[in-house]
Amino acid sequence: MTLLEELELRGFIHQCTDSDKLDSTLKEELITFYIGFDCTAKSLHVGSLMQIMMMRIFQKYGHTPIVLIGEGTTKIGDPSGKDQSRKMLSSEDIKLNSKNLTKVFDIYLDNTLKNKPIYSNNADWLENINYINFLRDYGKHFTINKMLSFDSVKLRLDREQSLSFVEFNYMILQAYDYLELHNRHNCKLQIGGSDQWGNIVNGIDLIRRDSSKEVYGLTTPLLTNAKNEKMGKTVDGAVWLNEDMLTPYDYWQFWRNVDDRDVFRFLKLFTDIDIAEINDLEDKKDLDINSIKVLLANAATEMLHGKDNAILSEKTANDVFKNEGSSKNLPSINVKFDKNIDIYLNEQIVGVGFTSSKSEARKLIKNSGVKINRVLVSDELKTLSINDFDNNKELLVSVGKKKHFIIKLLD
RNA sequence: GGAGGGGUGCCCGAGUGGUUAAAGGGGACGGGCUGUAAACCCGUUAGCUAUGCUUACAUUGGUUCGAAUCCAAUCCCCUCCA
């Protein structure tokens, strides 16, 4: 199986500039390729995981990935796929984000190989550009006519939304990134999400015009779930990859709870499990979809957070769901009785962070959402008493079916 | 520089002097059904020492018994013209 065949089978490929030529190039030589990541957040989330997995597979086949950190372009802001321009981030924030989000590559990519990843930052060249020289040398290769025809621009104009000149320049700078990486590292392939197609093609054109070299572009499909929603970002928090942004258990739960229809697709995209093995599973007559979700959750969690965390997460999940919260691995909070002060249950729920206000916790209790020691609480102003605690001086509080915590009694 | 439109809760969006903590939708959360899935049904969705109080419709000030709603100034966004 060739690299491109494997990618195709696993569902990584959306568009490719010249797949036949790219295929033969990949067979003949080990190339250098790049994927760009912007620095708009403190961590990458599952939305970027497809790109990261791509790098991993390319590396497995011997090619060298360049992780391009877009500190420079983040200062401009990519208009692709966005209705509105977003607010500009400060240079300090961008630096900080850049530092935090690159941690994850050490986990997914192998630093010990000969083809270990190259880390590059486009601020290194973009920040020193001389405007006049840049316009003379590269500006001449771009026509406004063509730039206006790109989706990212057209969409904004069609909807009569403003597109600032700064954002309009984004595509030129990204094209220049590709040229720069081509010159520095003989980079021959750029990979990106499907919304990056226009930007990638621009870079390829620029390289052809500047140095008459043929380079390639490849895009991944937009990662959506079965409901056709963009994955990885929710209102109250994305599925972050950095451990300090999302715990391994929550990460495990994310994969455990994917839609039935997504399971095999995700297994192919986000695990190292052999493609033939996955197909066998899929063909099984009496398949147990839930055990396969566990397999997915374990494989994905192990890759990011390590085997121990994956095992622990599965065990915690078993305790939480099969035994209604008998785990030692639950969050806990300590409490001490004082004759004069009542300990309200709703305050404890806020204390572990399950709700953000006492009112919210009270409403939860009122709506039959809270149990202590598996018994429904009906009094929204419930105060704790010694009798609520068991012999180990512990009290199990369940918020909904999935969230539990332990209150420990201190002497 | 000129003309016009607009800024409402997590998001979209209705409301143009009083029963407005603000319709409707989305999202999120809880309950029911279930498989920790999907679909569907019900409820909740500003805070608090809670039949009350406080804060909230860009900001500040004003008119009024009473303002998201009227007036003024300021800030921001958008469209068109030059």
Side-chain angles (χ1 to χ4, degrees), chain A residues 79 82-88 155-167 224-239 247 249-267 282 286-298 300-301 313-327 329-330 340-347 349-350 352-372 374-383 397-405:
Chain A
K82 286 173 200 78
D83 273 3
Q84 282 177 338
S85 48
R86 50 180 154 205
K87 58 173 189 283
M88 292 218 196
L155 230 77
R156 285 272 192 97
L157 297 179
D158 286 351
R159 292 196 197 168
E160 303 198 331
Q161 277 158 341
S162 72
L163 176 73
S164 70
F165 184 65
V166 179
E167 291 174 283
T224 56
N225 61 22
K227 279 187 271 177
N228 229 351
E229 296 160 342
K230 202 170 176 178
M231 289 237 330
K233 270 184 178 161
T234 60
V235 177
D236 56 358
V239 182
T247 64
Y249 175 69
D250 287 329
Y251 188 73
W252 194 91
Q253 280 297 327
F254 167 76
W255 295 107
R256 175 61 183 71
N257 282 318
V258 297
D259 195 297
D260 284 8
R261 293 164 288 179
D262 290 326
V263 176
F264 290 102
R265 194 159 58 96
F266 288 177
L267 223 42
E282 203 169 358
D286 49 347
L287 67 87
D288 173 11
I289 191 82
N290 280 317
S291 69
I292 295 172
K293 285 185 187 180
V294 172
L295 177 71
L296 171 65
N298 278 334
T301 307
S313 297
E314 185 180 357
K315 192 182 171 314
T316 305
N318 267 327
D319 290 342
V320 167
F321 291 99
K322 303 253 158 57
N323 311 320
E324 270 196 80
S326 66
S327 174
N329 193 30
L330 294 173
N340 307 313
I341 302 168
D342 288 332
I343 298 171
Y344 284 95
L345 178 60
N346 63 334
E347 289 180 9
I349 295 172
V350 177
V352 282
F354 285 175
T355 63
S356 55
S357 75
K358 289 185 252 175
S359 296
E360 200 184 334
R362 280 176 63 167
K363 283 165 191 158
L364 256 178
I365 298 172
K366 208 172 155 189
N367 285 327
S368 313
V370 178
K371 291 177 185 170
I372 58 174
R374 288 163 203 149
V375 180
L376 204 61
V377 181
S378 54
D379 178 11
E380 59 179 292
L381 281 173
K382 161 91 182 158
T383 55
V397 182
S398 311
V399 176
K401 283 175 194 148
K402 301 184 185 181
K403 284 181 286 189
H404 307 267
F405 70 99

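Keep in mind that this is a model prediction, so the values were computed, not measured. Naming: A, B, ... by sequence-line order, numbering from 1 per chain. The figures here come from the full heavy-atom set of this structure, side chains too, leaving out hydrogens, waters and symmetry mates.
Residues A:Ser359 and A:Asp260 each lie close to RNA chain B; by heavy-atom proximity, the contact nearer the 5' end of the strand is made by A:Asp260. Both A:Arg256 and A:Gly369 lie close to RNA chain B; mapped to their nearest nucleotides by heavy-atom distance, the more 5′-ward contact belongs to A:Gly369.
When heavy atoms are screened at a 4.0 angstrom cut-off, A:Lys401 is found touching base atoms of the nucleic acid.
Spacing between B:U49 and B:G43 at atom C1', rounded to whole Å, works out to 27 Å. Using C1' as the reference atom, B:A21 and B:G35 are 39 Å apart when rounded to the nearest Å. Taking atom C1' on both nucleotides, B:G15 is separated from B:G25 by 15 Å, rounded to a whole Å.
When each of A:Asn290, A:Leu296, A:Asn298 is paired with A:Val294, the side chain to side chain contact (heavy atoms under 4.5 Å, CB included) condition holds for A:Asn298 and for no other.
Taking the six-membered ring for Trp and thresholds of 30 and 60 degrees, A:Tyr251 and A:Trp255 have ring planes more than 60 degrees apart, a perpendicular arrangement.
Contact between the side-chain N/O atoms of A:Ser357 and the OP1/OP2 oxygens of B:C48 is found at a separation under 4.0 Å. Phosphate proximity of B:G43 to A:Lys366: absent, as no side-chain N or O sits under 4.0 Å from OP1 or OP2.
Taking atom CZ on A:Arg362 and atom C1' on B:A50, their separation rounds to 6 Å, with Å as the unit.
Side-chain proximity of A:Lys402 to B:U44, B:U36, B:C29: nearest is B:U36. The A:Asn290 side chain lies nearest to B:G35 when the options are B:U36, B:G35, B:G47. Minimum atom distance to the side chain of A:Ile289 is reached by B:G35, of the listed B:G35, B:A38, B:G47.
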message: Dot-bracket for RNA chain B, please. Rules: Watson-Crick or G-U, both distances under 3.5 Å, ( ) within the strand, [ ] when a pair crosses earlier ones, | for another strand, . otherwise.
response: ((((((((.[[[..)..(.....]]]((((((.......))))))(((...)))...[[[[[..)....]]]]]))))))).

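Heavy atoms only, all atoms of each residue included: A:Lys358 and A:Asn346 are closest at O-ND2, 3.5 Å.
Checked against ring-ring contact (aromatic ring centres under 6.0 Å, His included), A:Phe405 has the following partners two or more places apart in sequence or in another chain: A:Phe354.
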